[in-house]
Amino acid sequence: MMLQATNVVRGTVPPAVRPAGSSSLLLTENQQWIGGPPPLMDKLSQRERELVLKQGRRKVLNRGQTLFSQGGKHDGIWLIESGRIRVFYTSPLGREITLAYWHVGNFVGGPEVFEGTVHQWSGVASSNCSVVHLPGRELRTLAAEIPNLAIGLIEGLTFKGKCYSALAQMLGTRSITQRLAHLLLHLVELYGVADADGTVIAAAFTHADIAHMVGATRQWVTISLKRMQEKGIVVTKRSQVVVCRPDVLEEMRGQASD
């Protein structure tokens with residue numbers, strides 16, 4: 001089962017602009033982090049942005065295409081101009097855990113941002129995307145010449161570090177059911193559209209996608225959503241999930257910190 005696709009931002013988007021729907025998708029209890037970090041080049045002047053993009057190499061990906069692979073040679077970062085990139089870790093046994101979905105204005109490819117190492121996880125396009133690759137050597141030079149770019153890199157890495165730490169804490173301290181309830185509420189906040197039965201989650205996430213985010217199997221997610229529907233908490237219709245009782249989901253996820 002797949003949830004209905006959300007709108008995809010098309011064309012080149014000025015890095016200083018955060019369009020609607022550009023928030024990051026993270027499994028975190030801190031509501032202040034839901035909007036994601038400031039766009040990497042938010043504080044740069046127009047001239048500085050042009051200088052950075054001049055050193056970049058634009059690449060277009062279709063949904064499902066791999067941007068970088070865990071264990072592959074690392075060289076720089078990718079700035080997302082449109083679409084959404086899923087970043088995930090694969091265990092030696094082949095099990096995946098989604099770290100985050102990053103949107104327009106964010107960069108992916110860390111935690112290393114320059115060159116000379118290997119990727120610690122993988123990145124794949126979860127929608128049609130346009131990205132700009134900033135090679136490590138050129139990025140190092142630009143960071144030394146443009147202080148606000150260096151600050152943007154530090155702020156972005158700091159934000160990501162906090163988010164991945166929060167993910168580890170949730171996986172270790174919250175039950176799978178609590179994590180699923182929390183994620184559904186998060187999806188409502190990011191992609192919710194009013195419906196006669198409640199709020200439609202208008203975004204393209206399969207049951208497998210949800211499972212990878214909460215640390216469960218696809219079968220478990222399917223069964224859990226079916227049970228929620230039997231209790232009137234959610235409704236599945238036309239390949240969509242509608243949240244009818246967010247108050248019950250709040251109770252299921254437990255008391256979360258601000």
Side-chain angles (χ1 to χ4, degrees), residues 12 15 22 24-27 33 36-42 44 48-49 51-168 171 209 212-213:
T12 301
S22 65
S24 304
L25 176 52
L26 315 159
L27 193 62
W33 295 353
L40 175 60
M41 298 198 288
D42 195 29
L44 272 61
E48 290 171 333
R49 290 181 211 132
L51 181 61
V52 171
L53 292 177
K54 184 178 180 181
Q55 299 299 317
R57 303 163 190 168
R58 185 166 283 103
K59 182 175 183 178
V60 175
L61 298 94
N62 294 322
R63 179 178 180 180
Q65 277 190 278
T66 298
L67 181 58
F68 55 92
S69 298
Q70 183 175 323
K73 183 180 178 181
H74 181 280
D75 182 19
I77 60 174
W78 286 266
L79 175 66
I80 304 172
E81 288 191 316
S82 68
R84 184 174 64 229
I85 299 291
R86 172 183 173 241
V87 176
F88 62 96
Y89 172 80
T90 306
S91 76
L93 296 179
R95 186 167 181 176
E96 294 180 8
I97 182 70
T98 296
L99 303 178
Y101 286 83
W102 299 107
H103 294 62
V104 177
N106 297 151
F107 67 88
V108 293
E112 176 65 69
V113 295
F114 298 126
E115 76 283 348
T117 60
V118 297
H119 287 288
Q120 302 300 305
W121 39 72
S122 302
V124 64
S126 62
S127 67
N128 295 338
C129 295
S130 175
V131 299
V132 175
H133 181 220
L134 298 174
R137 182 175 300 178
E138 288 83 346
L139 182 60
R140 185 185 294 272
T141 299
L142 288 168
E145 295 176 352
I146 306 174
N148 280 333
L149 176 62
I151 292 173
L153 288 170
I154 293 171
E155 289 179 343
L157 291 173
T158 299
F159 181 90
K160 293 171 187 288
K162 290 179 178 179
C163 290
Y164 297 159
S165 175
L167 171 60
L171 291 174
D209 292 332
H212 290 153
M213 288 204 72

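Count residues from 1 along the sequence.
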#### Entry: Approximate separation, where rounding is to 0.5 Å, of Ile85 CD1 and Cys129 SG
4.0 Å

### Task
Could you tell me which non-hydrogen atom of Ser127 sits nearest to which non-hydrogen atom of Gly83, and how far apart they are?
OG-CA, 3.4 Å

### Query
Where the side chain of His119 meets the backbone of Phe68, is there a donor-acceptor pair that is under 3.5 Å apart?
no

### Closest non-hydrogen atom pair between Gln65 and Val60, with its separation
OE1-O, 4.2 Å

### Message
Restricting to non-hydrogen atoms, name the atom on Glu112 and the atom on Glu115 that form the minimum distance, rounded to 0.1 Å.
### Response
OE2-N, 4.3 Å

### Task
Give, for atom NE2 of His103 and atom OG of Ser126, the distance between the pair rounded to the nearest 0.5 Å.
7.0 Å

### Task
Kindly write out the residues that satisfy side chain to side chain donor-acceptor pair (under 3.5 Å) with Glu155, not counting sequence neighbours, or none if the list is empty.
Lys43

### Heavy-atom side-chain proximity of Ile77 to Leu40 below 4.5 angstrom
yes

## Note on the structure
For Ser165, the side-chain contact (heavy atoms from CB on, under 4.5 Å) test, sequence neighbours excluded, returns Gln169

### Query
Of all residues at least two apart in sequence or in a different chain, which pass the side chain to side chain donor-acceptor pair (under 3.5 Å) check with Ser122?
none

### Non-hydrogen atoms of Ile97 and His212 that approach each other most closely
CD1-O, 3.1 Å

### Task
Measure the CZ-CG distance between Arg49 and Leu149 for me, rounded to the nearest 0.5 Å.
12.0 Å

### Task
Please name the pair of heavy atoms, one in Ala125 and one in Leu61, separated by the smallest distance, quoted to 0.1 Å.
CB-CB, 4.0 Å

#### Entry: With Ile154 via side-chain contact (heavy atoms from CB on, under 4.5 Å) - residues at least two apart
Thr158

### Query
Hey, does the side chain of Asn62 reach the backbone of Asn128 with a donor-acceptor pair shorter than 3.5 angstrom?
no

### Task
Enter the distance from Asn106:CG to Tyr101:OH here, rounded to the nearest 0.5 Å.
14.5 Å

### Message
Ignoring hydrogens, what is the shortest heavy-atom contact between Leu167 and Thr98? Give both atom names and the distance.
### Response
CD2-O, 3.7 Å

### Query
Checking side-chain contact (heavy atoms from CB on, under 4.5 Å) for the pair Leu53/Met41: CA distance, chi angles, key distance, verdict?
CA-CA 10 Å; Leu53 292 177; Met41 298 198 288; 3.9 Å; yes

### Message
Test your reading of the model: is there a side-chain donor-acceptor pair from Arg86 to the backbone of Val124, 3.5 Å cut-off?
### Response
no

### Query
Do side-chain atoms of Ser130 reach the backbone of Glu81 as a donor and acceptor pair under 3.5 angstrom?
no

Validation: residues 131-147 side-chain donor-acceptor distances under 3.5 Å, sequence neighbours left out:
from, atom 1, to, atom 2, distance (Å)
His133, NE2, Asp75, O, 2.6
Thr141, OG1, Arg137, O, 3.3

### Query
Which residues pass the salt bridge (charged side-chain N to carboxylate O under 4.0 Å, His left out) test with Glu48, sequence neighbours left out?
none

### Message
Can you tell me how the ring of Tyr164 sits relative to the ring of Trp102, calling it parallel under 30°, perpendicular over 60° and tilted otherwise?
### Response
perpendicular

### Task
Give, for atom CD of Gln120 and atom CG of Leu99, the distance between the pair rounded to the nearest 0.5 Å.
11.0 Å

